[in-house]
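Data block below; observations after.
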Protein chains: 2
Amino acid sequence: MATHHISQKSLCNCTALRKATRRVSQLYDSALEPCGLRSTQRTILIQIARSGTPPLGELAEALVMDRGALTHNLKPLQRDGFVKISVDPQDRRNRLVALTAQGRAKLAESEVLWARAQRGFEAGFGAAKSASLRKALEFLVSDDFVNAFNGQG
Amino acid sequence: MATHHISQKSLCNCTALRKATRRVSQLYDSALEPCGLRSTQRTILIQIARSGTPPLGELAEALVMDRGALTHNLKPLQRDGFVKISVDPQDRRNRLVALTAQGRAKLAESEVLWARAQRGFEAGFGAAKSASLRKALEFLVSDDFVNAFNGQG
DNA sequence: AGGAAGTATGTGTATATGCAAGCAATAGTC
DNA sequence: GACTATTGCTTGCATATACACATACTTCCT
């Protein structure tokens, strides 16, 4: 056949991810709106809470985020008193990021709002399918995937 | 049990999406870099090519993107001569977005680069799993999902 | 015709994000 | 101990993104 049907649906995996992320972020952000945190900000605070007092670079890596981007993203959180950044006395190149009491309080405040959004997601997508999806998405951020993507696999 | 083990892995579907999108976008953007387009820009150009000469609002809807965001995103594409925006003579509120010859050429130029990235993705994730993932992600942008999320399902 | 409503965009502002270049501090080498 | 390489971060710049408000245009009603 000479003519090739151009599908209306994009086959691009990146496009599909970006569209879904825009939509889902908007839903979670709406749910979080009463507490004043955006989903990215909440994710950052949670990661800090889990990591203790990580240096900025480690935090960025855990968040799958560029270090410069993280530095920028921390600005509003510092300004609002949720995180405190200090110089590591052991290695003055490092910046140690820590939650403040206010940060922990805000995180606690956001918990119920986040849980409602999460329940909404799983109501729409199914709890089991959601877990599978997260697993798939976690693989996409793994070194194995990146290496295969770049042809080293 | 009184103590509750705090999992190191986030259960948040939004966080998982955002992390994966950051990583995958970075991979596609690197692949596209020689042609000068970012993945979002390429997606916009492709959607215009598919839609013909859509009004801005329709284009935004197809892209699952806020209208204001799309207006902003079109600025660099206009500046670089890839798209042309004109007033709809039938309804002067509408803005009709069209590809220029340069835009079509740039899209053609990007094709090989995109295909390489797409092959990389499917090498790492599997072609069948990629198709399933896209299907899942497409569902997340559907009205059915949003209604269920918001408890109208 | 004239004004009220409704619709489609544009704009301003704030956050989100990556990259490149510059700075600061440590580590290695001789 | 000084020069160099490396490492960790910050900053500047460009794009990405949403929301609220302002603007422009059309429709509708009377």
Side-chain angles (χ1 to χ4, degrees), chain A residues 14-15 17-33 36-45 54-61 63-80 82 85-97, chain B residues 14-15 17-33 36-45 54-61 63-80 82-83 85-97 141:
Chain A
C14 185
T15 298
L17 272 167
R18 292 188 73 95
K19 284 183 182 177
T21 297
R22 281 195 285 269
R23 173 60 54 82
V24 172
S25 293
Q26 194 266 334
L27 292 171
Y28 274 72
D29 281 350
S30 291
L32 288 176
E33 194 267 342
L37 290 178
R38 317 282 293 284
S39 46
T40 297
Q41 299 180 319
R42 183 170 187 276
T43 299
I44 292 173
L45 296 185
L56 191 140
E58 268 181 34
L59 185 56
E61 192 174 0
L63 292 166
V64 193
M65 185 181 288
D66 176 80
R67 277 193 294 237
L70 179 56
T71 297
H72 292 310
N73 288 345
L74 284 172
K75 286 286 160 61
L77 296 172
Q78 279 182 278
R79 180 201 57 203
D80 297 340
F82 301 144
I85 300 180
S86 58
V87 173
D88 181 353
Q90 253 59 61
D91 183 340
R92 298 176 48 75
R93 289 171 298 188
N94 289 334
R95 294 294 179 275
L96 302 178
V97 186
Chain B
C14 185
T15 298
L17 272 167
R18 291 188 74 95
K19 284 184 183 179
T21 297
R22 282 195 286 268
R23 173 60 53 83
V24 171
S25 293
Q26 194 265 333
L27 293 171
Y28 274 72
D29 282 350
S30 291
L32 288 176
E33 194 268 340
L37 290 178
R38 318 283 292 285
S39 47
T40 298
Q41 299 179 319
R42 183 171 186 276
T43 300
I44 293 173
L45 296 184
L56 191 140
E58 267 181 33
L59 186 56
E61 191 174 0
L63 291 166
V64 192
M65 185 181 289
D66 176 81
R67 278 191 293 238
L70 178 56
T71 298
H72 292 310
N73 288 345
L74 285 172
K75 286 285 161 61
L77 297 172
Q78 278 182 279
R79 180 202 57 203
D80 297 339
F82 301 144
V83 304
I85 300 180
S86 57
V87 173
D88 182 353
Q90 252 60 59
D91 183 339
R92 297 175 50 74
R93 288 171 298 187
N94 288 335
R95 294 295 179 274
L96 302 178
V97 187
V141 305

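Predicted, not measured: the structure shown is a model, and the values here were computed from it. Proteins come first, then strands; the chains are lettered A, B, ... in the order of their sequence lines, and each starts at number 1.
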Next on the checklist: Classify Thr71(A) by what it touches in the nucleic acid, base, sugar-phosphate, or nothing, heavy-atom distance under 4.0 Å.
Outcome noted: base

Item to check | NE2 on His72(B) to CG on Asp66(B), rounded to 0.5 Å | outcome: 8.0 Å

Checklist entry - Given dT17(C), is OP1 or OP2 found less than 4.0 Å from the side-chain N or O atoms of Arg38(B)? => result no

Checklist entry - Tell me: CZ of Arg67(A) to C1' of dA24(C), nearest whole Å? => result 14 Å

Checklist entry - On DNA chain C, nearest-nucleotide positions of Glu58(B) versus Asp66(A): which is more 5'? => result Glu58(B)

Checklist entry - When rounded to the nearest 0.5 angstrom, what distance separates CG in Leu77(B) from CZ in Arg79(B)? => result 8.5 Å

Checklist entry - For DNA chain C, whose closest nucleotide is more 5', that of Arg93(B) or that of Pro76(A)? => result Arg93(B)

Checklist entry - What's the CG-C1' distance between Leu70(A) and dT17(C), to the nearest Å? => result 11 Å

Checklist entry - Any side-chain heavy-atom pair from Leu56(A) and Leu74(A) closer than 4.5 angstrom? => result yes

Checklist entry - Lys75(B) has an atom NZ; how far is it from atom P of dT15(D), in whole Å? => result 12 Å

Checklist entry - Is the phosphate of dC25(D), meaning OP1 or OP2, less than 4.0 Å from a side-chain N or O of Asn94(B)? => result no

Checklist entry - Between atom CE of Met65(B) and atom CZ of Arg18(A), what is the distance when rounded to the nearest 0.5 Å? => result 7.5 Å

Next on the checklist: How many whole angstroms separate atom CG of Leu59(B) from atom C1' of dT9(C)?
Outcome noted: 13 Å

Checklist entry - At under 4.0 Å between heavy atoms, what does Gly68(B) touch on the DNA or RNA strands: base, sugar-phosphate, or nothing? => result base

Item to check | Gap separating the CZ atom of Arg22(A) from the OG1 atom of Thr21(B), nearest 0.5 angstrom | outcome: 9.5 Å

Item to check | Among dG6(C), dC19(D), dT15(D), the nucleotide that comes nearest once only the side chain of Gln41(B) is considered | outcome: dT15(D)

Next on the checklist: So Asn73(A), base contact, sugar-phosphate only, or nothing? Heavy-atom distance under 4.0 Å.
Outcome noted: base

Next on the checklist: Just the rounded figure in Å: distance from C1' of dA25(C) to CG of Asp88(A).
Outcome noted: 12 Å

Item to check | Short side-chain N/O contact from Thr40(A) to OP1 or OP2 of dT17(C), under 4.0 Å | outcome: yes

Checklist entry - Using a cut-off of less than 4.0 Å, is there contact between a side-chain N or O of Arg22(A) and OP1 or OP2 of dT17(D)? => result yes

Next on the checklist: Over all strands shown, is Arg79(B) touching base, sugar-phosphate only, or nothing at heavy-atom distances under 4.0 angstrom?
Outcome noted: sugar-phosphate

